[in-house]
Amino acid sequence: MLSAVARGYQGWFHPCARLSVRMSSTGIDGKGVLANRVAVVTGSTSGIGFAIARRLAWDGAHVVISSRKQQNVDRAMAKLLGEGLSVAGIVCHVGKAEDREQLVAKALEHCGGVDFLVCSAGVNPLVGSTLGTSEQIWDKILSVNVKSPALLLSQLLPYMENRRGAVILVSSIAAYNPVVALGVYNVSKTALLGLTRTLALELAPKDIRFHGNESFWKNFKEHYQLQRIGESEDCAGIVSFLCSPDASYINGENIAVAGYSSRL
């Protein structure tokens with residue numbers, strides 16, 4: 001699920017002399033639709049998060065990627081830099097305050113501000129029933145999946161205000177169609193729907209749009225008779241769109257990228 005907060009088109013671009021984008025989806029250096037913009041993407045060294053970070057960089061943004069392990073950051077950085085994209089990377093466990101602070105500092109090194117925050121990091125350490133889940137597991141899932149996006153945004157907010165940016169939360173189809181074996185995870189992803197709507201109202205006066213994105217699950221293919229299973233890249237284009245001027249009048253929406261109706 002993707003979420004964003006609407007903003008106006010006027011004053012969209014912010015010059016930043018130290019930003020250089022060598023490759024974009026337009027094929028023109030520094031002329032992508034997101035040129036001279038700064039994006040922070042959590043959980044972005046593999047899967048959906050990596051695909052989103054790569055697409056935003058293709059479209060001209062300078063992107064700060066992160067994950068919990070240095071080797072994963074190094075591997076993702078090598079791939080993106082090898083494509084000539086403007087990226088930076090840092091280790092960040094979003095559940096740790098000190099790591100979030102370092103992520104914010106890394107983003108500010110480049111332009112002194114941030115335009116887009118995409119929260120893709122998430123955990124599900126347990127397959128089991130909701131009522132059979134320990135308090136420790138409850139705390140871990142809710143801390144990383146729900147609390148950390150809000151806390152990270154609160155740390156970034158002073159540097160995002162009045163830049164006509166967007167925040168995108170990556171949720172799951174489990175928010176609408178719970179899977180029995182993923183009890184607390186289902187709850188955490190449903191909570192992101194409420195967080196999206198609430199923060200959209202709070203941030204609208206600050207020219208920040210808020211969106212939720214529901215990603216699809218590969219094992220839904222047979223159950224819902226989908227023509228194909230989803231790929232990580234299927235989520236990337238909609239995120240880039242939500243960050244672009246074309247989405248300037250979209251705010252507080254939860255958008256399913258699922259190959260079927262999430263409300264079946």
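The analysis underlying the following values was restricted to heavy atoms, covering all of them including side chains, and did not include hydrogens, waters or symmetry mates. Bear in mind that the values here come from a model prediction, so they are computed numbers and not experimental data.
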Q: At their closest point, which heavy atom of Gly252 faces which heavy atom of Ala200, and how far apart are they?
A: CA-CB, 3.5 Å
Q: With a 6.0 Å cut-off (strictly less than), is the heavy-atom count around CD of Glu135, excluding the residue itself, greater than 12?
A: no
Q: Check for a donor-acceptor pair, side chain of Ser248 on one end and backbone N or O of Pro245 on the other, with a separation under 3.5 Å.
A: yes
Q: Quick one: closest heavy-atom pair of Ser129 and Thr133, and the distance?
A: O-OG1, 2.7 Å
Q: One pair to check against side-chain contact (heavy atoms from CB on, under 4.5 Å): Ile137 and Val184. What are the steps and the verdict?
A: CA-CA 9 Å; Ile137 296 298; Val184 181; 5.6 Å; no
Q: How many angstroms lie between CE in Met160 and CZ in Phe116, if you round to the nearest 0.5 Å?
A: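 Separation between the atoms: 8.5 Å.
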Q: State plainly whether one hydrophobic cluster holds both Val144 and Leu153, where clusters connect Ile, Leu, Val, Met, Phe, Trp and Tyr through side-chain heavy atoms under 4.5 angstrom apart.
A: no
Q: Does Asp115 use its side chain to pair, donor to acceptor, with the backbone of Val38 at less than 3.5 Å?
A: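 Yes.
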Q: Could you check if a side-chain atom of Val167 sits within less than 4.5 angstrom of a side-chain atom of Leu156, using non-hydrogen atoms only?
A: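 Heavy-atom side-chain distance check fails, nothing below 4.5 Å.
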Q: Is the closest side-chain donor-acceptor distance between Thr45 and Asn72 under 3.5 Å?
A: no
Q: Grouping I, L, V, M, F, W and Y whenever their side-chain heavy atoms are under 4.5 Å apart, do Val170 and Val146 come out in a common cluster?
A: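 In one cluster: no.
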Q: Taking the side chain as every heavy atom from C-beta outward, state whether Lys140 and Pro125 have any pair of such atoms under 4.5 Å apart.
A: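 Yes. Closest side-chain heavy atoms under 4.5 Å.
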Q: So, Asp139 side chain and Gln136 main chain: donor-acceptor pair closer than 3.5 Å or not?
A: no
Q: To the nearest 0.5 Å, what is the distance between CG on Leu169 and OG1 on Thr196?
A: 4.5 Å
Q: Pick one: which of Leu182, Val187, Asn124 meets side-chain contact (heavy atoms from CB on, under 4.5 Å) with Ile141?
A: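 The side-chain contact (heavy atoms from CB on, under 4.5 Å) with Ile141 is passed solely by Asn124 among Leu182, Val187, Asn124.
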Q: Quick check against the 3.5 Å criterion: does Ser244 have a side-chain atom that pairs as donor or acceptor with the backbone of Phe241?
A: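 Confirmed, Ser244 side chain pairs with Phe241 backbone.
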Q: With the side chain counted from C-beta on, respond yes when Tyr185 and Val127 share a heavy-atom pair under 4.5 Å apart, and no when they do not.
A: no
Q: Quick check on side-chain contact (heavy atoms from CB on, under 4.5 Å): which of Leu34, Val40, Ile65 does Leu56 satisfy it with?
A: Leu34
Q: Would you say Asn186's side chain and Val179's backbone share a donor-acceptor pair under 3.5 angstrom?
A: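 Side chain of Asn186 to backbone of Val179: a pair is present.
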Q: Please confirm whether the backbone N or O of Ile90 pairs with a side-chain atom of Ser66, one donor and one acceptor, at under 3.5 Å?
A: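 No: the side chain of Ser66 does not pair with the backbone of Ile90.
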Q: Which distance, rounded to the nearest 0.5 Å, do you find between the CG of Asp207 and the CD of Glu161?
A: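 If I round to the nearest 0.5 Å, the distance is 9.5 Å.
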Q: Are Val41 and Met77 connected, step by step, through hydrophobic side chains (Ile, Leu, Val, Met, Phe, Trp, Tyr) whose heavy atoms are closer than 4.5 Å?
A: yes
Q: Calculate, to the nearest 0.5 Å, the distance between atoms CZ and CZ belonging to Arg164 and Arg37 respectively.
A: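 Atom-to-atom, Arg164:CZ and Arg37:CZ are 9.5 Å apart.
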Q: Could you walk me through whether Asp234 and Glu231 pass the side-chain contact (heavy atoms from CB on, under 4.5 Å) check?
A: CA-CA 5 Å; Asp234 290 317; Glu231 301 294 340; 3.7 Å; yes
Q: Side-chain heavy atoms under 4.5 angstrom apart, residues restricted to Ile, Leu, Val, Met, Phe, Trp, Tyr: same cluster for Leu126 and Trp138?
A: yes
Q: Measure from the side-chain N and O atoms of Thr42 to the backbone N and O of Ser120, and report whether any donor-acceptor pair falls under 3.5 Å.
A: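 Indeed, once roles are kept as given, a pair shorter than 3.5 Å links the two residues.
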Q: Going only through I, L, V, M, F, W and Y residues with side-chain contacts under 4.5 Å, is there a path from Ile52 to Val94?
A: no
Q: Kindly compute the distance separating OG (Ser172) from CG (Asn177), expressed to the nearest 0.5 Å.
A: 9.0 Å
Q: Below 4.5 Å, heavy atoms only, C-beta onward: do Asn254 and Arg197 meet side chain to side chain?
A: yes
Q: Which heavy atom in Ala51 sits nearest to a heavy atom in Ala236, and how many Å separate them?
A: O-CB, 3.4 Å
Q: State, to 0.1 Å, how close Ala57 and Val87 come at their nearest heavy-atom pair, and which atoms those are.
A: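 Closest heavy-atom pair between Ala57 and Val87: CB-CG1, 4.3 Å.
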Q: Locate the shortest heavy-atom distance separating Lys106 from Val64; write the atom from each residue and the value.
A: CG-CG1, 3.8 Å
Q: In Å and rounded to the nearest 0.5 Å, what is the CD to CZ distance from Glu233 to Arg55?
A: 10.5 Å
Q: Closest approach of Asn145 and Ser148, non-hydrogen atoms and distance?
A: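 Shortest heavy-atom contact: N-OG, 4.5 Å.
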